[in-house]
There are 2 protein chains.
Amino acid sequence: MLNYSTSEENYIKAIFHLQRQDNTVTTNELANELKTKPASVTDMMKKLKIKKLLHYEPYQGFRLSIEGYKVALGIVRRHRLWEYFLAEKLKFTWDEVHEVAEDLEHVSNKKLIDKLDEFLGFPRVDPHGDPIPDAHGKIEISKKICLTDLPLNKVAVVSGVSNQSSEILELLEHKKINIGIKLEVKKRFEFDHSIEVRIGRQPAFTISKELAENIFVKYGS
Amino acid sequence: MLNYSTSEENYIKAIFHLQRQDNTVTTNELANELKTKPASVTDMMKKLKIKKLLHYEPYQGFRLSIEGYKVALGIVRRHRLWEYFLAEKLKFTWDEVHEVAEDLEHVSNKKLIDKLDEFLGFPRVDPHGDPIPDAHGKIEISKKICLTDLPLNKVAVVSGVSNQSSEILELLEHKKINIGIKLEVKKRFEFDHSIEVRIGRQPAFTISKELAENIFVKYGS
DNA sequence: TAAATATTTTAGATTTGTCTAAAAATATTT
DNA sequence: AAATATTTTTAGACAAATCTAAAATATTTA
Ligand SMILES: [Mn+2]
Ligand SMILES: [Mn+2]
Ligand SMILES: [Mn+2]
Ligand SMILES: [Mn+2]
């Protein structure tokens, strides 16, 4: 596997994240995501196309190639392992890890990352509940259900949060909702779309529509 | 403290190491150390002078300014903490850590480094026996004595090794000489300048002049 | 001390990644 | 189907870091 510049890696990872939603990514979307200008995106897309990391025809948007997808998984693996390290070992909070991992992810020494993985005990998910690709690029694609869509009285595990701000963290900590916790939805209110939730045998409590929209769960352990 | 580019940091750190020996550093010395060309060094020296990180007049060589020295200590702190992490936590060997730390040292997030320091238990020396500057830039300047100069029958502690190759590591591991181990010199032979060494109450053994020249010790614990 | 040699700096080019402004292509309205 | 608006690309410029070749300066040698 070749080595790519920090800038190339940031573009590749951003495309990886954006193309999950739609099928292809547009110049403006990517420029917006990376806080850069459309002209810069076009320049980089030409370069990544030459390196065969993506499919791109002028004005048609772009997608990662098989090779580009593999490279992206490597970057995501490094990013999430470092996030796990920061949260678990260095006691960073949940909302602080992303920014630091954004730099650490670009140190691409295979042995470093595989030993870090081992040191951490081969974690499956990062502090935001997102799956960590293994050394071979395998990634668990568990389908996440938004809390707004979870059927009533079905126990599910909180597996991720889509918003990573310190504001949502404050609220989640106050409500004692962490990744991995089991909960069920007891009731939905039509008026404000608020949701009544219960964790284990504790008394049920209410969370807002806004919060519920950002919490994802999955079935099973 | 401002932020500097990876390239600027590599130059600053190299000057820091070179100026310990002599008083001022020359263009060729630095170009050689960084495996770059003299013209590139001159360009960077002009830039670092403008940033007030060093004293430099054309043709006169250069030294770090007080400010440049502080910046260098920060880089060295990061480098050596990562080296300690790699050796202690990830079980890298001694001769592998430098290369990886060379990249990790450029992730300059104050909180990351201070938390890493805490996680590691505030280590005083890196895996090569070199002192780690603390969060305020304080560094222990213990005077190292080369094993060739240690008086006979004086117990001293192995505190560093000047050569960092895997070849010297192989030999040191075979002879069971590690950083922190206590030893004394029992005899010196005029013929080949080999040295007879004893660790604790174990039987004495001989090491070559070449090896002794690369081992440094200090008195006390 | 003058010539030869070595070191250092300058001049000019190159690569990478970015930007602004203008042109071209595409999409949306009327 | 034009006209209008939006998106994307191109053209040209710029900063950072590097290089080669030539010029300037310093050091050594005879
Ligand atoms: Mn990044
Ligand atoms: Mn994450
Ligand atoms: Mn470095
Ligand atoms: Mn070291």
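Values below: every heavy atom of this structure, side chains too, minus hydrogens, waters and symmetry copies. Letters A, B, ... mirror the listed sequences (proteins, then strands); counts begin at 1.
Atom CD in A/Gln60 sits about 13 Å away from atom C1' in C/dA27, given to the nearest Å. Between A/Ile50 atom CD1 and C/dT16 atom P there is a gap of 10 Å when expressed in whole angstrom units. Residue A/Glu57 contributes atom CD, which lies 15 Å from atom P of D/dT8 at whole-angstrom precision. Going from atom CG of A/Leu34 over to atom P of C/dT18 covers 9 Å, rounded to whole Å. Rounded to an integer number of Å, the gap from B/Lys49 NZ to C/dT9 P is 11 Å. Summarising the geometry, the separation between CG on A/Asn32 and C1' on D/dT8 is reported as 15 Å, rounded to the nearest angstrom. Atoms CE (B/Met45) and P (C/dT8) sit 12 Å apart, rounded to a whole Å. Summarising the geometry, the separation between CG on A/Leu48 and P on C/dT16 is reported as 12 Å, rounded to the nearest angstrom.
Shown here are the side chain to side chain donor-acceptor pair (under 3.5 Å) partners of A/Arg78, two or more places apart in sequence or in another chain: A/Glu9. Remark: A/Lys115 engages no residue in a side chain to side chain donor-acceptor pair (under 3.5 Å) (not counting sequence neighbours).
Applying the 6.0 Å contact sphere to CZ of A/Arg124 captures no more than 12 heavy atoms from other residues, nucleotides or ligands.
One finds no salt bridge joining B/Glu170 and B/Lys175 here, because no Lys/Arg side-chain nitrogen approaches an Asp/Glu carboxylate oxygen to under 4.0 Å.
Cation-pi geometry between A/Lys91 and B/Phe119 is not satisfied (NZ or CZ under 6.0 Å from the ring centre, within 45° of the ring normal). Seen from the ring of A/Phe16, A/Arg20 counts as a face-on cation partner, given the 6.0 Å and 45° thresholds.
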- Could you go through the salt bridge (Lys or Arg N to Asp or Glu O under 4.0 Å) check for B/Glu96 and A/Lys111 one step at a time? CA-CA 10 Å; B/Glu96 296 172 314; A/Lys111 187 167 180 180; 2.5 Å; yes
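Residue contacts shown for A/Tyr11 are limited to sugar-phosphate atoms, with no base heavy atom under 4.0 Å away. Note on B/Ser40: a base of the nucleic acid sits closer than 4.0 angstrom, heavy atoms only.
To the nearest 0.5 Å, atom CG of residue A/Leu48 and atom CD1 of residue A/Ile15 are 6.0 Å apart.
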Could I get a table of every N or O pair under 3.5 Å where one atom is in the protein and the other is in nucleotides 10-12 of chain C?
| unit_1 | atom_1 | unit_2 | atom_2 | d |
| --- | --- | --- | --- | --- |
| C/dT10 | OP2 | B/Lys46 | NZ | 2.9 |

Scan nucleotides 2-4 of chain C against the protein and return all N/O pairs shorter than 3.5 Å with their distances rounded to 0.1 Å.
none

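A/Trp82 and B/Phe85 have tilted rings, their planes meeting at an angle from 30° to 60° on a 0 to 90° scale. Ring planes of B/Tyr56 and B/Phe62: perpendicular class, angle over 60° (limits at 30 and 60°).
Between A/Tyr59 and B/Val41, the one whose closest nucleotide on DNA chain C sits nearer the 5' end is B/Val41. Projected onto DNA chain C by closest heavy-atom contact, A/Ser5 and B/Gly61 fall at different nucleotides, the more 5' of which corresponds to B/Gly61.
Side-chain nitrogen and oxygen atoms of B/Ser7 include none within less than 4.0 Å of the OP1 or OP2 phosphate oxygen of D/dA16. When the side-chain nitrogen and oxygen atoms of B/Thr26 are compared with OP1 and OP2 of C/dT7, none of them lie within a distance under 4.0 Å. Of the side-chain N and O atoms in B/Asn28, one or more sit less than 4.0 angstrom from OP1 or OP2 of C/dT8.
Between the side chains of B/Asn10 and B/His106, at least one donor N or O sits under 3.5 Å from an acceptor N or O.
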- Query: So what's the dot-bracket for DNA chain C: Watson-Crick or G-U pairs under 3.5 Å, [ ] if a pair crosses, | if it pairs off-strand?
  - Reply: ||||||||||||||||||||||||||||||
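The side chain of B/Met44 has D/dT18 as its nearest neighbour among D/dC19, D/dT18, D/dT8.
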Give every donor-acceptor pair under 3.5 Å between a side-chain atom in residues 31-41 of chain B and any protein atom, sequence neighbours left out.
none

